[in-house]
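All remarks here apply to the structure that follows.
From a predicted model like this one, the values you see are computed outputs, not experimental measurements. Residue numbering restarts at 1 for every chain, and letters A, B, ... go by the order of the sequence lines. Quick note: numbers below take in every heavy atom, side chains included, and nothing from hydrogens, waters or symmetry partners.
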Amino acid sequence: MDTTVYQPLDNQGTGAAPAVRARALTKTYGTGEAAVHALESVDVDFEQGHFTAIMGPSGSGKSTLMHLLAGLDSATSGQAFIGGTEVTRLSDNDLTRLRRDRVGFVFQSFNLLPMFSAAQNITLPVELAGNKVDDAWFDTLVQTLGLGARLSHRPSELSGGQQQRVAIARALIAKPEVVFADEPTGNLDSRSGAEVLSFLRRSVRELGRTIIMVTHDPAAAAYADRVVLIADGAIAGDILDPTPESVLAGLDALRTIDDVAAVGS
Amino acid sequence: MVRLTLAQMRRSIGRLTAAGIAIVLGTAFVTATLLVGNIISTTTTDSIAAQFARSDLVVSADESFTVDDVEAARSVPGVDAADATSLSSFELSAGSRRTYQIVVPTPTDDRFQPQEVVAGAMPADSGEIALPEALAERFDVTPGDTVRLARFVWEPGPAGQEDALAEWTDVTEDLTLVGTLRDPFGAYAKMGGAAVVSASDLQAWAEQSDPESPGPTYGAIMVAVDTSAGLEQTRAELEAALPGAQALTADEYAVQQAASLTGDEDVFTKVILGFAGIALLVAALVIANTFQVLVAQRTRMLALLRCVGANRAQLARSVLFEATVLGVLSSIGGIVLGAGLTQIALVVLGGMDLGIPLPSTVQITAGIVLVPLLVGTAVTVLASLAPARAATRVAPLAALRPGDAPTLSSGAGRVRLVLASLLVVSGALLLTGGIVLGGNGNAEVGILVGVLGGALSFVGVLLGAIFWLPKVVSLVGRLVAGSGSTARLATANTLRNPRRTAATSTALLIGVTLVAMMSTGAASARTSLDSELDDRYPVDVSVTTDQYDEYGNGVSDEIPAAMLAGMRSAAGVRDVTELTATRTTVPATDGDYEVLVRGVDPQSATGLVRSPDLLAGLDDGTVVIPRTESEWLGIADGDTLTIDGPTGSVERTVSVTDMPGQAFIVSTSTMAELDDAAVVTRVWLGLEDVTDAASIVPGLQDTLSESTVPVEVVGAAVERAMFQQVVDTVLAVIVGLLGVAVVIALIGVANTLSLSVIERRRESATLRAIGLSRGQLRSMLAIEGMLIAGVGALLGVALGLLYGWAGSATALSAMGDVSLAVPWRDIAIVLVVALVAGLLASIVPGRAAARTSPVAALAVD
């Protein structure tokens with residue numbers, strides 16, 4: 001096993017220095033009577049070197065939270081930080097540079113460029129930034145993700161799972177501080193999904209990366225080190241070292257609250 | 001289904017508008033052409049009708065009328081007045097200025113007079129003349145001054161030899177100017193107005209011109225009808241009195257005459273319509289492209305419709321209906337635009353006083369509306385046939401698949417490849433055949449074969465574009481891709497849909513090829529004809545007092561020394577050589593023959609002429625004789641010829657060359673022996689730069705016209721300048737007309753880019769999410785646009801050069817050696833325009849793309 005890049009982190013397992021933070025983060029769509037609070041004053045920390053899942057039912061605000069943390073969308077109020085940088089105050093150009101150098105993305109529908117080979121897709125972010133590809137790092141990623149035999153293939157010649165693995169390599173190539181994954185298994189069958197999730201976990205454990213994943217699938221969330229539950233635009237729970245059962249139990253608890261709330265209203 | 005189609009159209013309004021503009025421009029072109037064609041034929045008819053002024057009837061027949069016929073018409077009951085129509089042409093002069101002018105008689109009745117008197121009166125008596133105002137100004141004459149009219153008279157020989165020695169003699173008449181005229185209805189506008197003399201003079205001159213003939217004849221008789229007599233009755237009586245004749249109203253007659261006269265204008269309209277056809281063809285490509293993408297984008301929608309029960313025919317009909325609506329609306333827009341532009345042109349031209357009365361408003365007829373409407377709609381519907389077929393192929397299952405971006409389209413079929421190759425090969429063979437035929441002197445057949453070959457091979461090239469054009473794009477792209485990842489992205493993008501890239505580039509290729517072909521052809525023609533003109537007009541400018549005397553008449557004036565000095569010091573003149581002249585006799589096969597001999601300094605003359613070999617053999621012991629004259633006189637190269645001059649006789653060796661003209665040329669010392677009093681009657685001028693003739697020669701003419709001796713300034717330089725001007729004007733007009741096709745094609749480029757941006761929304765967002773800046777995204781599209789446009793233009797230029805050269809080689813080889821020229825300046829302009837347009841075309845789509853939020857990349861459809 002290749003451990004050259006692995007950097008043991010401080011306070012491993014006990015609460016590392018936060019890679020991503022949200023403070024009173026709020027997103028409101030519309031105004032006045034029609035206002036919808038997608039996210040209401042959320043405070044949350046995501047530790048470095050950890051694989052965290054954000055979970056919640058549809059419309060709970062989990063995707064909105066991720067968009068705001070990654071600087072893809074602007075917050076109505078509050079702050080989001082990546083490392084020491086306040087994302088919510090950056091200009092479009094600074095955001096572009098942030099995404100280029102410090103953030104990686106994995107999408108539900110892979111979003112590989114159809115006209116480029118797997119290898120070209122992986123190295124694209126580095127090239128867009130005008131930097132040189134770190135060949136050792138590229139080899140490590142390819143090996144870890146098991147893409148060695150597929151590098152010259154076009155996306156249309158790859159299976160869904162393979163495409164998503166290429167996407168993960170693309171997200172990691174610039175050694176970002178954090179990788180955001182949005183429902184990365186949403187378009188995959190369960191076997192490929194499990195494979196992709198193990199790779200994400202390996203990236204964290206063996207390559208020392210930080211990953212924040214949005215999902216609505218308890219089984220997927222169970223691969224993470226920690227699950228942040230979200231409901232109605234607010235943090236509703238936090239599960240460390242989750243199992244599918246504990247995540248389901250957490251979700252059930254949410255549903256019960258919802259039901260109680262529904263009965264009460 | 002109709003409601004659904006309209007709803008879909010509303011959703012795609014932006015794209016449809018962009019495609020519609022292509023059709024709008026095409027139909028506007030057709031409309032404007034038809035309107036202008038109508039205006040031309042109306043003005044022609046009007047000006048013919050104007051010649052008959054206010055006559056009630058015009059009598060005409062297959063055969064001409066005699067003076068007696070006119071008298072017969074006058075005696076028909078109900079006829080108030082009758083005059084023959086008469087147009088003659090004479091040389092008029094005043095001082096050193098002369099011109100050929102149409103001359104008409106003063107009518108017996110004012111109703112037959114289309115012109116108005118500005119000052120003075122109409123000529124009533126013999127020896128009087130009235131001139132158009134503009135001509136009087138040019139001649140610098142006012143009523144009371146003298147104008148000279150020259151005419152030829154058939155003079156019989158002395159008694160006993162009437163026929164044998166009869167000849168044409170020049171007779172001049174000194175006429176008194178009695179009035180100046182205006183032509184308010186443009187009756188003679190196309191002939192530069194008409195001078196008027198008394199009817200008796202004109203008839204007398206006509207009779208003298210050929211005493212043998214029974215008298216002058218006329219094409220038509222104008223008739224004014226007595227108000228008390230009925231028009232119809234008089235008409236019948238006239239036709240009865242003049243058997244075989246037809247009496248029509250002036251308007252009816254003008255329409256009949258115009259129909260036979262407007263052949264040229266019809267050809268003009270047809271040629272312009274050809275250009276409109278090219279514009280429409282390009283528009284069709286743009287439309288086909290747009291619909292292809294619309295169908296691709298609506299794949300899921302179409303599949304959904306199939307799922308809920310729509311059948312294939314309904315989907316196809318929906319697309320075709322959409323095309324029809326677009327075609328009709330765009331065509332109407334085009335008709336309005338075309339009519340509007342023509343109207344604006346009429347207003348502008350009307351204010352410029354061209355001398356031809358133009359209608360003040362365009363005349364919209366049913367044909368002018370229907371033809372562009374039908375053509376525009378038909379082109380749109382035809383262009384959408386293939387996309388409509390694609391719509392029927394959408395499987396209902398497509399609705400259930402996740403919304404992927406439209407897949408990369410497959411290549412084209414093998415049939416197409418074979419057909420395209422066959423067309424290109426056979427076309428190229430025909431082109432070569434045309435060049436060979438042209439080289440063998442069969443230029444006309446060669447041109448026909450060449451045009452056929454050119455058309456076939458071009459269709460082949462266009463059909464095959466799908467196979468080779470994307471490869472060229474990729475090659476050029478690879479060259480620019482070195483400049484960074486943005487360029488590499490752009491190149492990869494142009495290649496992901498080869499069919500669309502090919503179609504877009506092809507649309508531009510058509511226009512650019514034709515523009516490049518025209519300018520190459522023009523450049524080659526200019527170069528080739530320059531060398532041809534060197535031989536035909538060896539002297540740049542010739543100033544002479546004896547232009548007409550070379551044919552054997554009169555005495556020539558000496559060119560004064562002051563004038564010679566003026567020529568030597570004139571701007572742009574490199575060299576001046578004086579030629580003296582005298583009349584001599586030489587022995588020919590059938591007796592002595594009188595010829596004009598010119599004396600010139602051999603060294604000076606050889607240095608001045610453009611083709612020095614014409615005078616290479618000239619020295620003190622030789623005489624240079626033009627080839628035509630030597631054949632006529634039976635003298636051969638190398639013969640010894642005895643020339644008898646006024647003061648001496650010489651024997652000289654003959655040197656026959658292709659020197660134009662009739663005069664023999666000898667050295668100055670030989671001339672001194674022939675005629676020691678010979679004077680300078682001609683001066684040859686060499687210009688520093690022959691292309692400057694257009695500015696130098698008029699200056700020279702102005703200077704020389706002020707002198708006391710009338711001189712004429714002629715020469716290749718003027719011809720050349722005129723020729724160049726004609727070629728340049730024709731080229732500018734053709735390029736302007738083809739420009740419409742290029743503009744439409746560029747709209748196509750913008751359209752294709754916009755569609756790509758819409759299609760690649762998620763991809764653009766992904767790129768933004770992984771670190772592509774807005775600027776990079778915009779420059780990616782800019783490079784894409786410039787690649788598509790640039791490659792189309794580059795290939796168009798290359799093809800245009802080939803076709804232009806082939807055409808020049810075929811058409812011009814009959815005139816001599818063809819030099820193939822490359823119009824570098826025009827090519828550079830075309831390429832720059834294409835690149836800038838590609839850049840501009842990317843601006844709007846680029847903005848739309850840059851606005852895409854990276855969040856869109858996360859969205860699941």
In residues 769-780 of chain B, what donor-acceptor pairs under 3.5 Å come from side-chain atoms, sequence neighbours left out?
| unit_1 | atom_1 | unit_2 | atom_2 | d |
| --- | --- | --- | --- | --- |
| B/S773 | OG | B/Q776 | N | 3.2 |
| B/R774 | NE | B/A850 | O | 3.1 |
| B/Q776 | OE1 | A/R100 | NH2 | 2.8 |
| B/Q776 | OE1 | B/S773 | N | 3.0 |
| B/Q776 | NE2 | A/L128 | O | 3.1 |
| B/S779 | OG | B/G775 | O | 3.3 |
| B/S779 | OG | B/Q776 | O | 3.0 |

Could you measure the distance from the CG atom of B/L767 to the CG atom of A/L124? Nearest 0.5 Å is fine. 6.0 Å
Could you tell me whether B/R488 sits above the aromatic face of A/F116, with NZ or CZ closer than 6.0 angstrom to the six-membered ring centre and within 45 degrees of the axis? yes
In this structure, are over 12 heavy atoms from other groups packed under 6.0 Å from A/H216 atom NE2? no
Is the shortest side-chain heavy-atom distance between B/R762 and A/S109 below 4.5 Å? yes
The interface call for A/R170 against chain B, heavy-atom contacts under 4.5 Å, is side chain
Working note: B/R760 + A/L113, criterion side chain to side chain contact (heavy atoms under 4.5 Å, CB included); need CA distance, chi angles, decisive distance, verdict. CA-CA 10 Å; B/R760 301 202 302 248; A/L113 299 189; over 6 Å; no
Taking atom CG of B/N493 and atom CE of A/M115, what is their separation to the nearest 0.5 Å? 4.0 Å
